Amino acid sequence: MSAPRRYRLIDAALQPHPHLDDEYASLPEALDAAIHWSLLLAFDPIQSSIGVEVSTDSGSWRTLQLPSSAKALTL
């Protein structure tokens with residue numbers, strides 16, 4: 001049986017986002033966190049570039065969406 005998928009947010013360098021470095025139980029939860037943070041706190045366009053990764057069965061991460069403006073993130 002495979003483990004439940006986890007999601008994390010990445011920055012423009014494809015690394016875990018320095019301010020949003022957490023694991024999320026669902027894609028909508030991760031996207032909500034990214035959008036909320038971006039609207040309230042992200043003044044730097046580099047920091048506000050956010051992408052999404054999903055966990056794999058082997059324990060690594062796979063990119064679901066490349067970093068872009070958090071406002072452009074969609075389900």
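For reference, positions follow the sequence shown, starting with 1. Just so it is clear, the model here is predicted, and its values are computed rather than measured.
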Check side chain to side chain contact (heavy atoms under 4.5 Å, CB included) between Ala13 and all other residues, then give those that pass, not counting sequence neighbours. Asp11, Gln15
Would you say the side chain of Asp32 lies within less than 4.5 Å of the side chain of Tyr24, judging by non-hydrogen atoms? no
Mind checking the CG-CG spacing from Leu9 to Leu31? Nearest 0.5 Å is all I need. 7.5 Å
Please output the side-chain donor-acceptor pairs of residues 51-58 that fall under 3.5 Å, not counting sequence neighbours, one pair per line with the distance.
| unit_1 | atom_1 | unit_2 | atom_2 | d |
| --- | --- | --- | --- | --- |
| Glu53 | OE1 | Arg8 | NE | 2.7 |
| Glu53 | OE1 | Arg8 | NH2 | 2.9 |
| Ser55 | OG | Arg6 | N | 2.8 |
| Thr56 | OG1 | Ser58 | N | 3.4 |
| Thr56 | OG1 | Ser58 | OG | 3.0 |
| Thr56 | OG1 | Ser60 | N | 3.2 |
| Thr56 | OG1 | Ser60 | O | 3.3 |
| Thr56 | OG1 | Ser60 | OG | 3.0 |
| Asp57 | OD1 | Arg5 | NH1 | 3.4 |
| Ser58 | OG | Ser60 | OG | 3.3 |

d(Ile10 CD1, Thr63 OG1) to nearest 0.5 Å is 4.5 Å
Quick check for you: to the nearest 0.5 Å, what is the distance between Tyr7 atom OH and Glu23 atom CD? 12.0 Å
Ignoring hydrogens, what is the shortest heavy-atom contact between Pro16 and Asp21? Give both atom names and the distance. CB-OD1, 3.5 Å
Give the ring-plane orientation class for His17 versus Trp37, where under 30° counts as parallel, over 60° as perpendicular and anything between as tilted. perpendicular
May I ask you to test the Leu14-Leu66 pair for a side-chain heavy-atom distance under 4.5 Å? yes
